[in-house]
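Working notes, structure below.
Reminder, nothing fancy here: chain letters follow the sequence lines and each chain counts from 1.
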Amino acid sequence: MQENLVIVESPAKAKTIGKFLGKDFVVASSMGHIRDLEKKDFGIDIKNKYRPKYIVSEDKKKVVAELKKLTREARIVWLASDEDREGEAIAWHLQDELKLNPENTKRIVFHEITKDAILNAIHHPRAIDINLVDAQQARRVLDRIVGFEISPVLWKKVKPSLSAGRVQSVAVRLIVEREREILNFNSTSYFRVTGQFLARLADGTTAEIRAELSSRFDTENEALAFMEKCKNSEFHVADITQKPTRRSPAQPFTTSTLQQEASRKLGFSVSQTMTVAQKLYEAGRITYMRTDSVHLSSLALHTAAQKISELHGEKYVKTRQYKTKTKGAQEAHEAIRPTYMQEETIPGTAQEKKLYELIWKRTIASQMADALLEKTVITIDISNAKEKFTASGEVIVFDGFLKVYLESTDEESVSPGGQLLLPAVRVKDQLKPQGIQATEKYAQRPARYTEASLVKGLEELGIGRPSTYAPTITTIQNREYVVKEDRPGKERNYLLLELNGKEIVRSVKSEIAGAEKAKLFPTDIGMVVTDFLNDHFNQIMDYHFTASVERDLDEIAEGKKIWYEVIDRFYHPFHANLDNVLKSSEKTRGERILGSDPVSGRQVSVKIGRFGPIAQLGESSPDKEEEKPQFASLRPGQLLETITLEEAIELFRMPRELGNYENKSVVVGIGRFGPYVRHNNQFISLTRNDDPYTVTIDRAIELIALKREKESKAVIRIFAEEPELKILNGRWGPYLVYKKENYKIPKTVKAEDLSLEECLNIVNGEGNKSIKRKKARK
DNA sequence: CAGTGAGCGAGCTTCCGCTTGACTT
């Protein structure tokens, strides 16, 4: 008989703890939650105090069977899941499902995975906190009610398979609202004035000062008037101020800040960051990667101080403990940090190395001294104008944590009046102008969300948890509410006025503005669903809804409220409203009537069709059979909300006959997979740079030739003896096709050298599973 | 994979949070 069984949530954690506890203890893991609400029949008995119907999840049956076996063999079972709402519920589900006897079941918690912390926990067991469990049940039941009652309304009123939820719908709302702010943004321009001046220093040398005018001008005329005044002006140093400042390091990483920094500094997507972090965690390199805590263990503080002292000396050390301020944080874990602070780098893939170094630097920097800076501002008088130029500089007096790490920001801000070290000028020194420029600038529109900045936005609202940030972002993209895309910028002109000597030169320059990389854009369906939910389910869409739910959950956890009463107060008004929406509201298609076609006089409108957004020419009416409306899909980047009449009419110019080639017609059109050329029943996609509205027959023929060339190269080898077997060249290199199934060719052999026999070996070979196409979406 | 878009009806879709694999086209 085994003496003790400890159950934790994660296998990696089980492994570590097993080492600390010795042979009287077996440590197993539950792999997170083992049960969930039944999916069919709602899983909640609404009429019976919202009683949840729990079932063991399909993928946890093996885990539960294994745990049952282990519990039968143990004398004492220690439930060591995390000390938060979800962790407490996991412990309770384990006790219930494994039918543990309360007399030999103990609940323990620890926040650090160290021998001391665990032994201490073993000495201070407690019972399961049923109030905390109830808070979790309330959270779970509420999310089920919201998700499983509203989603079917969307199927009826908007489109099948859509979804709504407390977290995802608000995430989409953020993106939709930001997009509308951008669409409505009126970009005004102003004139920013910069100047370069030469100063003669005390030692006889000369030095340049770059400065910016402290005021801006709204119009060209004002800027010009100012430049005129500068023509005959003298420039003097009016004032020099020096001010010491200090800068402190950023807090250690949480899931959210790690995702943001990995996105900004390494260009990782949110899910990529989590996958790599998971690998590092499993390899024992870092602490747990799903956390909202900035707390560091005393061991970490100690070893960080040691390492800093060793690398940079004692004066760079400043031990700091951070307090988590995030809304709704549950602090079951430490911050994300290296397990061994001594290790600056680790072996592994390039991505693992980069992410590890980022974590190491951030953690180390958080334990280092402030940087001390000296900020200098030189003010320059203009003899004929009241405005003043200023030049500012920042000199690092003591680098402190900056030696290791500087946090990035989302905005790129480089001011032309900023430079590091300013020359040692004195007050009243005369400065010789080298050039003064007034440049037209446009006010910045709000920035679109990246995956990581959306996570930041959600976290600030207290919506979602570290374990759900990445999946939520995947969900809203899978539902096609949002797309992550690059968009090219547009060229725009700006004015430049330059004063060189006594002459003002005016020129028109151009720049590319508004280019986007990996940004989140709402789709039409995302906008229509958001509007629908805002109109009819305002409470759920409210940015403060989760926060108010959290307050209730806290009171349940404190034993001040009964969980199903809280749910009951929510449910009745919610459900009554929902019934009303089902009865009264019309089906929403986001329809807009744009006007009428000047040629035919028929009405032009846009709406969401069965296969996505479409434009419609003419109206459908049962008595005019011969005048059926024409349809055309909107193109990527076009929105129902913003498309113009002209753009919509343009869509009906497709498909377009280009001419003949080899006695067959060449037609250009736009299909489900984008613009294409059709010739001899073959479809050839246009490239990114081809415009289907202007593409010529010559270009089409070129594309046809390219396609033929590619096809001739596609077949590496065929076998006369076995016509069903082919070696083909695909997107990912050579592969085998046999009886319509694809097979991988091992990297160790050359595809062109394979014999028929070798090929069949691969087909029948073990460990070389056929690559089957999965139809499942996800 | 690409000439769709009428209308009916059956059966399906869906939430959030905790955790790993099993999948990678």
Side-chain angles (χ1 to χ4, degrees), chain A residues 8-14 29-37 39-40 42-44 57 59-60 62-63 81-82 84-90 93 136 139-156 159-169 275 278 281-282 288-290 330 332 463-469 471-472 475 479 540 546 549 607-612 614-616 620 622 625 628-633 654-655 667 669-678 681-685 730-733 735 742 744 769 771-774 776-778:
Chain A
V8 295
E9 290 177 40
S10 127
K13 200 167 167 179
S29 66
S30 74
M31 309 265 194
H33 276 294
I34 54 160
R35 299 198 301 196
D36 192 16
L37 295 175
K39 272 185 104 170
K40 54 173 196 208
F42 213 66
I44 301 167
S57 330
D59 56 336
K60 295 294 164 56
K62 255 178 92 175
V63 176
S81 44
D82 297 344
D84 57 14
R85 213 155 58 204
E86 300 295 329
E88 203 68 18
I90 288 173
H93 278 298
Q136 193 274 346
R139 197 279 304 155
R140 182 67 193 91
V141 164
L142 177 90
D143 282 337
R144 169 57 64 85
I145 290 172
V146 169
F148 274 36
E149 290 212 359
I150 299 184
S151 297
V153 178
L154 293 179
W155 306 342
K156 287 198 188 76
K159 208 179 135 173
S161 303
L162 297 177
S163 64
R166 175 177 56 83
V167 174
Q168 60 168 286
S169 297
T275 310
Q278 174 91 30
Y281 169 65
E282 283 168 14
Y288 197 57
M289 64 282 157
R290 290 186 276 259
Q330 299 188 16
I463 298 172
R465 303 279 313 129
S467 67
T468 59
Y469 294 138
T472 299
T475 300
R479 297 272 170 278
I540 309 302
T546 291
V549 169
K607 66 178 182 188
I608 287 180
R610 255 209 297 163
F611 306 102
I614 48 169
Q616 180 176 340
S620 55
E625 270 298 309
K628 271 194 175 178
Q630 256 184 290
F631 296 94
S633 294
M654 290 292 156
V667 173
I670 298 174
R672 204 143 70 88
F673 302 93
Y676 63 87
V677 168
R678 197 181 70 216
N681 284 329
Q682 269 212 313
F683 290 88
I684 304 154
S685 292
R731 246 170 101 188
W732 294 278
Y735 67 102
N742 298 348
K744 260 185 205 161
K769 281 177 276 176
I771 311 160
K772 278 187 190 151
R773 275 162 195 271
K774 278 191 95 174
R777 356 164 252 168
K778 231 192 102 159

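- At the heavy-atom level, Thr468(A) lies under 4.0 Å from base atoms of the strands shown.
- Atom CE of Met289(A) and atom C1' of dT20(B) are 9 Å apart (whole Å).
- Side-chain N/O atoms of Ser633(A) and base N/O atoms of dG5(B) include a donor-acceptor pair closer than 3.5 Å.
- Distances shorter than 4.0 Å separate some side-chain N or O of Arg479(A) from OP1 or OP2 on dC15(B).
- Applying the 3.5 Å distance criterion, the base of dC18(B) shares no donor-acceptor pair with the side chain of Arg465(A).
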Problem - Watson-Crick or G-U pairs under 3.5 Å in DNA chain B, rendered as dot-bracket with [ ] for crossing pairs and | for another strand - result: .........................
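- By the stacking rule of 5.5 Å between ring centres and under 30° between planes, Trp155(A) stacks on the base of dT13(B).
- Rounded to a whole Å, the CG atom of Asp82(A) is 12 Å from the C1' atom of dG17(B).
- Phosphate contact (OP1/OP2 of dC18(B), side-chain N/O of Ser10(A), threshold under 4.0 Å): absent.
- Phosphate proximity of dT20(B) to Arg290(A): present, with a side-chain N or O under 4.0 Å from OP1 or OP2.
- Regarding contacts with the backbone of dT19(B), a side-chain N or O of Tyr288(A) is found under 4.0 angstrom from either OP1 or OP2.
- Listed pair Arg85(A) / dG17(B) fails the phosphate criterion, with no side-chain N or O lying under 4.0 Å from OP1 or OP2.
- Contact between the side-chain N/O atoms of Gln616(A) and the OP1/OP2 oxygens of dG5(B) is not found at any separation under 4.0 Å.
- The NZ-P distance, from Lys156(A) to dA10(B), rounds to 14 Å in whole Å.
- At the heavy-atom level, Leu154(A) lies nowhere under 4.0 Å from the strands shown.
- Counting any heavy atom pair closer than 4.0 Å across all strands shown, Ser151(A) reaches a base atom.
- The shortest distance between the side-chain N/O atoms of Ser467(A) and the OP1/OP2 oxygens of dC18(B) is below 4.0 Å.
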